[in-house]
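Each remark here refers to the structure printed beneath this line.
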Amino acid sequence: MSTNSNTPLNFLEEIIEADLASGKHKTILTRFPPEPNGYLHIGHATSICLNFGLGLKYGGATNLRFDDTNPVTEDTEYVESIIEDVRWLGFEPANILYASDYFEQLYEWAKVLIQKGKAYVDFSTAEEIAAMKGTPTMPGQNSPYRDTTPEENMALFEKMRAGEFPDGHCTLRAKIDMASSNMIMRDPLLYRIKHAHHHRTGDKWCIYPMYDWAHGQSDSIEKITHSICTLEFAPHRELYDWCIEQLGIFPSKQYEFARRNVSYAITSKRKLKLLVEEGHVRSWDDPRMPTISGFRRRGYTPASIREFCDRIGLGKREMVADMSLLEFCIREDLNKIALRRFAVLDPLKVVITNYPEGQTEALETENNPEDPNAGNRPLTFGRELWIEQDDFMENPPPKYFRLSPGGMVRLKSAYIIQCHDVVKDANGHITEIHCTYVPESRSGQDTSGLKPKGVIHWLAASNAQKAEVRLYDRLFQVEDPASEEDFLATLNPHNLQVIENALIEPALADAKLGERFQFTRLGYFCVDPDAQPGKPVFNRTVTLKDAWAKEQQK
RNA sequence: UGGGUCAUGGUGUAAUGGUAACACAGCAGAUUUUGGUUCUGUUUUUCAGGGUUCGAGUCCUUGUGACCCAACCA
């Protein structure tokens, strides 16, 4: 989160600064409250950056609190991955807490409500409750159990806890207003019976609080000052405030912002799960997945994701941020820090006919032109080289300034070469090209006076190594796959291209997990966890901007 | 025919009654031993009607449109 005072404040920052200025709060405390029932995705990342960012910006703090009130969907596996993802993004929670830590307190508070005549045990079925709920335009009807005495309710609620009723036999409901124009206020359910094993409390409980009874009170217990959630919870705010007021506890306040979506991505838990289960991707951390673990494996840096979250802004209207902004952020970050390396993904052999057979020569090139401190590395030049197929055309179109028959090109950090022969097989496919090099054009001591426009990367056949390279493209072909009737039909068939036998320079052969590189002229790449000693595997994080590809599309 | 939230370029976000701006994307050019980076220029904007005002994206009013709410999910 930027602390630049020149940047305009978003509406939450305005609220916080007003609260701080008025003395309503001396410091702020926010929270990120995931339910541990799935893996975190880019949408969660924006919420994490928002909550932790505000805590940091205003010298406050942020809790990570698991909203673990529904034991049938939750698991410690998710707890662990969520903690890992939050830390990977670069944030350290002030406290790692669980709504389940507050079950006893929430139970006591429910009894307070019962004593006040503000809650009752309802034996209606789910269907009956739904039928009595009314509709947005018609008031609901009171439950026949609504006027049970506090004494009776207290005994019944204790029986609920004691396990004397089966699942779904009854619920505890707040007694508010069945005619409220806000559907949420029509006697909301507070507790339901679930004889289920909870990942933290085990079999201690068979009644579990609903979101509305757990969330606000958990905020209050932790003395959260600004409880930030998405817009769909706006109608819940009335109930949030009602509960806190009935109990007379610390008045945490809820503020809503619009969920921040990203184009070409999907954030529905169900749909993400489908992609994994049906094998459209390999796993939850597949580099094509919009999960935080997917972005991590893809090679995105935490800084780039934080920068993206800062740049997309914040508001209260439905929005879809451009994936191209995320790509801009990762390129911007990696351009500064990634070491440059040569790799040839689609090799074409070049023979330098005027270079002595068996001879090699040591050259040098910069590790990162954006960072003088990154130093240099050695390259080996020789008679036989590899270049990209794309960097040679027998019949080049206008504006093509790479290699072609009779044409000249600079081999980066080496010599200028000129093509004089194209060798083809019986089918007419080019098998290799023959060139001459200009001995006096050696980089750094060029006296040739030649200025070819094209500069291409290359590898010496004598020491090029093999590697597997995985090229990823957008998972979906449409900007908003979630709105499609069949989102699977919009999967990009070319979202993954595996190159088994790419060639890399020796300096890349022992790259370690977590290292990121720019493959010169190709894009940014990182080491995949599938890599083994002697068998490197690289993922393409993002391509470089490609003005030539754009020119060709015209 | 209820309530809530919202409406500014292609996408986002500012402008808090006083010249509609910034970023990304796009386009054009300069530089470049990465068709990268960097730099310069540039196309495109206030949902509609009415009103208040010297002056309205902003205030009032009437519409229109979008999203959310009738889970023993969060």
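Letters go in sequence order (proteins before strands), and every chain restarts at 1.
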Checklist entry - Base, sugar-phosphate alone, or nothing: which one does A/M210 contact when heavy atoms must sit under 4.0 Å apart? => result sugar-phosphate
Checklist entry - A/Y211 near the nucleic acid: base, sugar-phosphate alone, or nothing, with a heavy-atom cut-off under 4.0 Å? => result base
Checklist entry - Which part of the nucleic acid does A/A126 contact within heavy-atom distance under 4.0 Å: base, sugar-phosphate only, or nothing? => result base
Next on the checklist: Between A/R331 and B/G36, is there a contact of a side-chain N or O with OP1 or OP2 at under 4.0 Å?
Outcome noted: no
Checklist entry - Do A/R521 and B/G35 share a donor-acceptor pair, side chain to base, under 3.5 Å? => result no
Checklist entry - Hey, does A/L544 reach any base, or is it just sugar-phosphate, or nothing, if we go heavy atoms under 4.0 Å? => result base
Item to check | Separation of B/U11 C1' from A/D480 CG (nearest whole Å) | outcome: 13 Å
Next on the checklist: Applying a 4.0 Å non-hydrogen cut-off, can you work out what A/G38 is touching in the nucleic acid: base, sugar-phosphate, or nothing?
Outcome noted: nothing
Checklist outcome for this item: Under a 3.5 Å limit on both distances, the Watson-Crick or wobble mate of B/A7 is B/U64
Checklist entry - At under 4.0 Å between heavy atoms, what does A/K133 touch on the DNA or RNA strands: base, sugar-phosphate, or nothing? => result sugar-phosphate
Next on the checklist: Does the structure show a Watson-Crick or G-U wobble partner for B/G2, both distances under 3.5 Å? Name it, or say none.
Outcome noted: B/C69
Checklist entry - Hey, does A/P369 reach any base, or is it just sugar-phosphate, or nothing, if we go heavy atoms under 4.0 Å? => result base
Item to check | Between B/C72 (P) and A/D187 (CG): distance, integer Å | outcome: 13 Å
Checklist entry - Side chain of A/E370, base of B/G36: donor and acceptor closer than 3.5 Å? => result yes
Checklist entry - Rounded to whole angstroms, how far apart are CH2 on A/W242 and C1' on B/G3? => result 19 Å
Next on the checklist: Any strand counts, and the cut-off is 3.5 Å on both contacts for Watson-Crick or G-U wobble. Which nucleotide pairs with B/G35?
Outcome noted: none
Item to check | Side-chain N,O (A/K194) to OP1/OP2 (B/C73) below 4.0 Å | outcome: yes
Checklist entry - What's the verdict on side chain to side chain donor-acceptor pair (under 3.5 Å) for A/D68 and A/S100, showing C-alpha distance, side-chain angles and the deciding distance? => result CA-CA 6 Å; A/D68 56 349; A/S100 54; 2.7 Å; yes
Checklist entry - Counting any heavy atom closer than 4.0 Å, what does A/Y400 reach on the DNA or RNA strands: base, sugar-phosphate only, or nothing? => result base
Next on the checklist: Are A/I83 and A/I96 packed together at the side-chain level, in the sense that at least one heavy-atom pair is separated by less than 4.5 angstrom?
Outcome noted: yes
Checklist entry - Think A/R260 has a side-chain N or O under 4.0 angstrom from the OP1 or OP2 of B/U13? => result no
Checklist entry - Starting at the 5' end of RNA chain B and moving along, which residue's nearest nucleotide shows up first, A/S181 or A/L231? => result A/S181
Item to check | Worked verdict on A/I292 versus A/Y39 for side-chain contact (heavy atoms from CB on, under 4.5 Å) | outcome: CA-CA 8 Å; A/I292 294 180; A/Y39 295 92; over 6 Å; no
Item to check | Watson-Crick/G-U partner (both atom distances under 3.5 Å) of B/U46 | outcome: none
Item to check | Sugar-phosphate, base or nothing in reach of A/S263, heavy atoms under 4.0 Å | outcome: nothing
Next on the checklist: In this structure, how many angstroms lie between the P atom of B/G29 and the NZ atom of A/K399, rounded?
Outcome noted: 7 Å
Checklist entry - Between the side-chain atoms of A/Q518 and the base atoms of B/U34, is any donor-acceptor pair under 3.5 Å? => result yes
Checklist entry - With a non-hydrogen cut-off below 4.0 angstrom, is A/S124 in contact with a base, only sugar-phosphate, or nothing? => result base
Next on the checklist: Expressed as a whole number of angstroms, how long is the span from A/L50:CG to B/U13:P?
Outcome noted: 13 Å
Item to check | A/F519 or A/L314, whichever maps to the more 5' nucleotide of RNA chain B | outcome: A/L314
Next on the checklist: Rounded to whole Å, how long is the line connecting atom CZ of A/F233 with atom P of B/A71?
Outcome noted: 15 Å
Checklist entry - With sugar-phosphate meaning primed atoms plus P, OP1 and OP2, does A/K451 contact a base, only sugar-phosphate, or nothing at under 4.0 Å between heavy atoms? => result nothing
Item to check | Integer-rounded Å distance: B/U34 P and A/L379 CG | outcome: 14 Å
Checklist entry - Tell me, do A/M132 and A/P144 make a side-chain contact under 4.5 Å, heavy atoms counted? => result yes
Checklist entry - Does the pair A/D473 and A/R540 meet the rule for a salt bridge (charged side-chain N to carboxylate O under 4.0 Å, His left out), with working shown? => result CA-CA 9 Å; A/D473 200 352; A/R540 183 173 69 195; 5.7 Å; no
Item to check | Base of B/G35 and ring of A/W548 stacked, centres under 5.5 Å, planes under 30° | outcome: yes
Checklist entry - Do A/T365 and A/R377 come within less than 4.5 Å of each other through their side chains, counting heavy atoms only? => result yes
Checklist entry - Looking only at side-chain N and O atoms, does A/T137 come under 4.0 Å of OP1 or OP2 in B/G3? => result no
Item to check | Complementary nucleotide of B/C27, counting Watson-Crick and G-U pairs under 3.5 Å | outcome: B/G41
Next on the checklist: Classify the ring geometry of A/H215 against A/Y240: parallel below 30°, tilted from 30° to 60°, perpendicular beyond 60°.
Outcome noted: tilted
Next on the checklist: Counting the atoms with a prime plus P, OP1 and OP2 as sugar-phosphate, which does A/Y208 contact under 4.0 Å by heavy atoms, base, sugar-phosphate, or nothing?
Outcome noted: nothing
Item to check | Nearest-angstrom distance, P atom, B/C60 to B/A23 | outcome: 32 Å
Item to check | A/R311 vs B/A14: side-chain N/O to OP1/OP2 distance below 4.0 Å | outcome: no
Checklist entry - If you look at every strand shown and take non-hydrogen atoms under 4.0 Å, does A/H236 touch a base, only sugar-phosphate, or nothing? => result base
Next on the checklist: Between B/A20 and B/A14, how many Å separate the two C1' atoms, rounded to a whole number?
Outcome noted: 10 Å
Checklist entry - With both distances under 3.5 Å as the test, what is the Watson-Crick or G-U wobble partner of B/G55? => result none
Next on the checklist: What I want to find out is whether A/R311 reaches A/E307 closely enough, with some N-O distance under 4.0 Å, to be called a salt bridge.
Outcome noted: yes
Checklist entry - Given the P atoms of B/U11 and B/C47, what is the spacing between them in whole Å? => result 13 Å
Checklist entry - Hey, does the Lys NZ or Arg CZ of A/R341 hover above the aromatic six-ring of A/F517, less than 6.0 Å from the centre and inside 45° of the axis? => result no
Next on the checklist: Going by purine N1 to pyrimidine N3 plus the second Watson-Crick contact, or the G-U wobble pair, all under 3.5 Å, which nucleotide sits opposite B/U16?
Outcome noted: none
Checklist entry - Across the strands shown, which category fits A/S413 at heavy-atom distances under 4.0 angstrom: base, sugar-phosphate, nothing? => result base
Checklist entry - Can a side chain N or O of A/K316 be found less than 4.0 Å away from OP1 or OP2 on B/G4? => result no
Checklist outcome for this item: A/E14 atom CD is separated from B/U13 atom C1', nearest whole Å, by 13 Å
Checklist entry - Hey, does the side-chain of A/R410 have a donor or acceptor N/O within less than 3.5 Å of a partner on the base of B/U33? => result yes
